[in-house]
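What follows is a set of notes on a single structure, which appears directly below.
Just so it is clear, the model here is predicted, and its values are computed rather than measured.
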Amino acid sequence: MALLAGGRFTLAWMERLMAKQERKRALRGRAGRMKGGRGSGRASAGHVRLWGRHPVEAALKNPNRDHRKLWATREGIDSLDGELPPDFPVEYADAADLARLVAKDAPHQGLVLECLPLDDVFLADVASGDPARPIVVLDQVTDPHNVGAILRSAAAFNAAAIVTQDRHAPPESGVVAKSASGALETVPWVRVVNLARALGELADAGYWRIGMTGEADATLAEAMPKGALAIVLGAEGEGLRANVASHCDALARLPISNVIESLNVSNAAAIALYAAATRG
């Protein structure tokens with residue numbers, strides 16, 4: 001480090017240092033000082049924070065999404081499919097600053113979007129749709145990674161919606177969106193107060209309700225109907241609650257070998273949805 005006599009920095013070095021610090025402040029903006037701080041992934045009150053290319057890109061393309069602000073690296077912006085509107089609120093930041101806006105170690109890929117939650121979806125709206133598209137009902141599946149993965153499988157196999165009980169399911173979040181890889185924006189997510197009552201409404205709409213449990217005698221293929229289908233899955237370990245199982249028309253299992261006790265609920269959902277999509 002160049003010094004003058006008496007230990008003073010050279011003027012040129014000081015000017016370079018000040019310019020570098022100014023550039024760093026301009027790049028960072030508010031990204032490092034957002035409410036919630038490092039590792040929280042929490043958005044401002046009433047908002048949802050999404051991260052990663054697929055979730056953010058899908059949210060930006062969703063006309064039903066109300067966006068608040070996008071924080072991004074220039075590389076992140078370049079990775080998006082399509083152009084942002086000229087007046088879209090974007091603040092550029094570096095990757096380290098974006099890491100302060102999301103859950104710890106979350107792969108933000110240079111993109112963090114804050115937006116409003118999606119509008120509520122009502123069961124009657126999805127139950128009156130195409131009967132060839134199954135509905136997935138989740139009984140107290142609380143892990144956001146599992147719910148996100150199930151949304152992704154629901155999108156892949158053209159399911160009409162997923163249904164969860166409002167008090168026993170994760171909220172809409174960046175973790176769910178990242179695991180769903182964009183499907184949060186395309187698969188309706190119905191939240192109900194009472195799951196047993198919702199199953200009754202599905203029966204009234206003509207759906208055959210199959211509860212998935214490893215203790216069932218029939219396999220899914222044996223229990224599956226030709227018409228409208230609701231696939232009901234319980235949380236790992238606990239499985240379906242008795243009251244929910246009693247509101248199913250049939251109980252069925254996947255024909256897995258006895259070398260393993262059970263599958264992850266998101267894997268079971270994917271297999272069940274594939275079976276529904278390929279039924280004769």
Side-chain angles (χ1 to χ4, degrees), residues 25-85 87-121 138 141-152 154-155 162 164 166-191 266:
R25 281 195 296 270
L27 182 65
R28 177 174 291 117
R30 294 173 55 230
R33 303 191 294 274
M34 283 292 296
K35 181 180 179 181
R38 177 182 290 277
S40 69
R42 292 193 299 271
S44 305
H47 292 79
V48 176
R49 194 174 295 168
L50 310 178
W51 56 80
R53 185 172 71 84
H54 290 301
V56 169
E57 186 174 278
L60 291 172
K61 290 182 175 181
N62 184 359
N64 298 317
R65 197 52 108 163
D66 190 352
H67 310 107
R68 178 177 180 268
K69 189 170 186 178
L70 176 65
W71 290 270
T73 63
R74 297 191 182 279
E75 294 79 8
I77 292 290
D78 291 341
S79 73
L80 292 172
D81 179 25
E83 297 292 330
L84 292 171
D87 59 346
F88 196 88
V90 179
E91 184 166 331
Y92 288 97
D94 60 29
D97 285 330
L98 294 181
R100 297 184 175 94
L101 299 175
V102 301
K104 187 177 181 181
D105 298 326
H108 57 71
Q109 298 175 295
L111 296 162
V112 180
L113 177 69
E114 193 158 282
C115 49
L116 290 176
L118 292 168
D119 290 338
D120 291 337
V121 181
L138 303 179
V141 178
T142 57
D143 187 325
H145 296 91
N146 279 333
V147 173
I150 291 168
L151 280 165
R152 187 173 184 175
I162 71 166
T164 64
D166 195 33
R167 290 182 299 125
H168 299 286
E172 186 180 332
S173 69
V175 175
V176 171
K178 183 63 176 173
S179 299
S181 193
L184 177 62
E185 309 299 324
T186 59
V187 177
W189 183 352
V190 180
R191 295 176 179 272
S266 63

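- No donor-acceptor distance shorter than 3.5 angstrom exists from the side chain of Gln109 to the backbone of Trp51, with no hydrogens or angles considered.
- A salt bridge links Glu114 to Arg49: at least one charged side-chain nitrogen sits closer than 4.0 Å to a carboxylate oxygen.
- Under the 3.5 Å distance criterion, the side-chain polar atoms of Arg65 are matched with a main-chain donor or acceptor of Leu116.
- Side-chain atoms of Thr142 and Val147, non-hydrogen and from C-beta on, never get closer than 4.5 Å to each other.
- Residues Ala177 and Leu50 come closest through the heavy atom pair CB-CD2, 3.7 Å.
- Surrounding CG of Asp119 are at most 12 heavy atoms belonging to other residues, nucleotides or ligands under 6.0 Å away.
- In terms of heavy-atom proximity, Pro170 sits nearest to Pro144 at CG-CA, 3.9 Å.
- Heavy-atom minimum distance, Leu98 versus Ala93: CD2-CB, 4.1 Å.
- For CZ of Arg152, the number of neighbouring non-hydrogen atoms (other residues, nucleotides, ligands) closer than 6.0 Å is 12 at most.
- Once rounded to the nearest 0.5 Å, the distance linking NE2 of His54 with CG of Asp81 reads 11.0 Å.
- At distances below 3.5 Å, at least one donor-acceptor pair connects side-chain atoms of Ser79 with backbone N or O atoms of Gly76.
- For the pair Val141/Thr164, no side-chain contact is recorded, criterion being any heavy-atom separation below 4.5 Å from C-beta on.
- In this structure, Ala149 and Ser266 approach most closely via the heavy-atom pair CB-CB, 3.7 Å.
- A heavy-atom distance below 4.5 Å is not found between the side chains of Thr73 and Tyr92.
- Annotation: the span from Asn146 atom CG to Leu151 atom CG amounts to 11.0 Å, rounded to 0.5 Å.
- Judged purely by atom type and a 3.5 angstrom limit, His67 has no side-chain atom pairing as donor or acceptor with the backbone of Lys69.
- Between Leu80 and Leu111, some side-chain heavy-atom pair lies under the 4.5 Å cut-off.
- For the pair Asp120/Arg191, no side-chain contact is recorded, criterion being any heavy-atom separation below 4.5 Å from C-beta on.
- How far CG of Leu184 is from CG of Asn62: 8.5 Å, rounded to the nearest 0.5 Å.
- Residues Pro107 and Lys178 are in side-chain contact: their nearest non-hydrogen atoms beyond the backbone lie under 4.5 Å apart.
- Between the OG atom of Ser181 and the CD atom of Glu57 there is a distance of 10.0 Å, given to the nearest 0.5 Å.
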Stepwise side-chain contact (heavy atoms from CB on, under 4.5 Å) check, Val112 with Leu70: CA-CA 6 Å; Val112 180; Leu70 176 65; 5.8 Å; no
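- Considering only heavy atoms from C-beta on, Val190 stays 4.5 Å or farther from Ile162 through its side chain.
- A salt bridge between Lys61 and Glu185 is absent, with no side-chain N of the basic residue lying under 4.0 Å from a carboxylate O of the acidic one.
- Contact record, Ala154 with Val187: CB-CG1, 4.1 Å, taken as the closest heavy-atom pair.
- Contact check for Leu113 versus Trp71: no side-chain heavy atoms found under the 4.5 Å cut-off.
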